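Please read the structure below before turning to the comments.
Ligands are counted one by one from 1 in listed order, and the atoms in each one are counted from 1 as well. Just so you know, these numbers come straight off a predicted model, no measurement behind them.
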Amino acid sequence: MATLLLLEHEGGAIAAASARALTAAVALGAGVDVLVAGSDTAALVAAASRLPGVGRVLDVQEAALEHAPAEALAMLIVSLAPGHEALVAAATALGKTVMPMVAALLDVMQVSEVTRVLAADTFEHPIYAGNAIETVQSTDTVRVLTVRPAAFSAPSGEGPPAPVEVVALPRQRGAGSEFISAEVTRSARPDLSAARVVVSGGRALRSAENFAKYIEPLADKLGAAIGASRAAVDAGYAPNDLQVGQTGKAVAPELYIAVGISGAIQHLAGMKDAKVIVAINSDPEAPIFSIADYGLVGDLYEVLPELTALL
Ligand code: FAD
């Protein structure tokens, strides 16, 4: 029995987070069926069929799924559960909404934010805001997993085209929610969850104008994604989808630059797996320095323009 992976797509392209989740799905060792749902999916299905490790593409052409209403997707995944021993999605906003519904409908336990696959039924994932790593063995007949994208690399290359099977959407009861509109942030910057370099700003930026004025030029020079602490997001300096941390995104870039961020445990939960951490903070006692590989004690309003000019 294979693993079923929910393949998210954005603007006609496979989401980077789902590509990374495919690596985890392949590691389960049972072969992977990927589920592509939406309207006008032909190009996506063709791309999905060539992803290395994909054994079959399940194509659900259904306009009603275009905006991925969670309830409808959950019921679709449940209808495909027979014949699959694991149901997997990336731990994105969508995956984190759909998969708990799937687990509840199947009456099984979800394993959330898997960071390592040890065996088909045994996984590692962080608990207590990333302060402990738990190893879990699932005894459920169908395993429902969300996968932390930052913990896996995207598969490289192409495989031979996998067969495509067109699947009909099962008749559904009223889904309980309907699509009204979407406000999508479009950015030329790399996706925060998958970026190689992240520059993050904290409360010390003091305003949205300063955030843009000081953080963006450095990020531009480094080709980096922009992140923010929750304090910066709550104060309106940066949009919500840039929040890094326990209640934001988990990132594991090669380089993470934290500017004017104190290093609260909830922020560290989202970025401590970065390979190199640079902290810029005026307080030499700031907790961020305890996990930083390089620390710069100074006023960001002086240090950042100088640093940016040097690059
Ligand atoms: P502060 O803690 O206020 O730190 C600002 C830093 O800027 C200080 O270290 C200061 O020395 C420095 N500074 C000030 N002026 C300058 C200057 N001119 N130049 C250089 N440095 C300067 N937080 C998150 O980030 N992500 C989360 O996902 C998250 N989830 C949470 C979940 C829960 C349940 C709770 C309770 C909290 C959560 N938080 C989260 C909030 C977290 O506890 C902190 O409040 C938050 O991370 C602080 O943000 P900050 O570091 O920007 O601000």
Side-chain angles (χ1 to χ4, degrees), residues 17 90-97 112-113 115 125-133 146 148-151 185 191-195 197-219 222 224-253 255-274 277-310:
T92 57
L94 182 68
K96 287 196 269 191
T97 310
S112 304
E113 307 252 356
T115 49
H125 71 156
I127 55 171
Y128 300 126
N131 285 309
I133 304 294
T146 62
R148 184 172 279 194
T185 313
D191 174 32
L192 177 58
S193 307
V197 182
V198 175
V199 180
S200 279
R203 198 196 309 264
L205 272 304
R206 293 191 217 134
S207 69
E209 292 72 31
N210 282 345
F211 200 94
K213 183 173 164 193
Y214 289 89
I215 299 292
E216 282 180 12
L218 180 59
L222 294 169
I226 292 181
S229 71
R230 175 156 160 186
V233 168
D234 286 352
Y237 308 162
N240 195 28
D241 58 332
L242 299 191
Q243 184 178 316
V244 172
Q246 183 188 338
T247 43
K249 291 191 172 135
V251 301
L255 173 63
Y256 187 90
I257 304 181
V259 182
I261 292 178
S262 58
I265 192 166
Q266 296 89 354
H267 187 79
L268 303 188
M271 45 63 78
K272 65 180 163 43
D273 291 331
I277 297 171
V278 175
I280 300 173
N281 198 302
S282 53
D283 175 8
E285 303 297 324
I288 190 82
F289 287 127
S290 64
I291 62 145
D293 299 285
Y294 299 93
L296 187 50
V297 178
D299 181 347
L300 75 89
Y301 295 98
E302 290 167 15
V303 167
L304 230 52
E306 276 181 44
L307 184 63
T308 307
L310 282 173

Original post:
Near I265 CD1, under 6.0 Å, is it more than 12 heavy atoms from other residues, nucleotides or ligands?
Top reply: no
List the closest protein heavy-atom neighbour of [atom]: residue, atom name, distance to the nearest 0.1 Å.
atom	answer
atom 30 (N) of ligand 1	T247 OG1, 2.6 Å
atom 39 (N) of ligand 1	Q266 CB, 3.5 Å
atom 22 (C) of ligand 1	S282 OG, 3.2 Å
atom 19 (N) of ligand 1	L300 N, 2.8 Å

Shortest heavy-atom approach to [atom] - which of [options]:
atom	options	answer
atom 40 (C) of ligand 1	M271, R206, K249, R230	R230
atom 5 (C) of ligand 1	G260, G202, P284	G260
atom 11 (O) of ligand 1	N281, I265, N210	N281
atom 51 (O) of ligand 1	S262, G248, A231	S262
atom 46 (C) of ligand 1	G245, A269, A264	A264
atom 15 (N) of ligand 1	P287, S200, A204	A204

Which of the atoms of ligand 1 are close to [X], meaning less than 4.0 Å from one of its heavy atoms?
X	value
V244	24 (C), 25 (O), 26 (N), 27 (C), 28 (O)
Q246	27 (C), 28 (O)
Y301	18 (N)
G298	19 (N), 20 (C)
Q243	26 (N), 27 (C), 28 (O), 29 (C)
S229	25 (O), 49 (O), 50 (P), 52 (O)
D299	17 (C), 18 (N), 19 (N)

Give a yes or no on whether the backbone of [Y] and the side-chain of [X] come within a donor-acceptor separation of less than 3.5 Å.
X	Y	result
H125	S112	yes
N281	I261	yes
Y128	I133	no
Y214	P305	no

Subject >> Result of checking S229, S200, S193 against V244 for side-chain contact (heavy atoms from CB on, under 4.5 Å) >> reply: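 In the set S229, S200, S193, the residue that makes a side-chain contact (heavy atoms from CB on, under 4.5 Å) with V244 is S200.
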How long is the span from the [atom1] atom in [X] to the [atom2] atom in [Y], to the nearest 0.5 Å?
X	Y	atom1	atom2	result
R230	N240	CZ	CG	9.5 Å
E302	I280	CD	CD1	12.5 Å
L268	I277	CG	CD1	7.5 Å
L307	L222	CG	CG	7.5 Å

Subject >> Contact (N/O only, under 3.5 Å) between R203 and ligand 1 >> reply: yes
Original post:
Is there a side-chain contact between D241 and K249 (heavy atoms, below 4.5 Å)?
Top reply: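 Yes, their side chains come closer than 4.5 Å.
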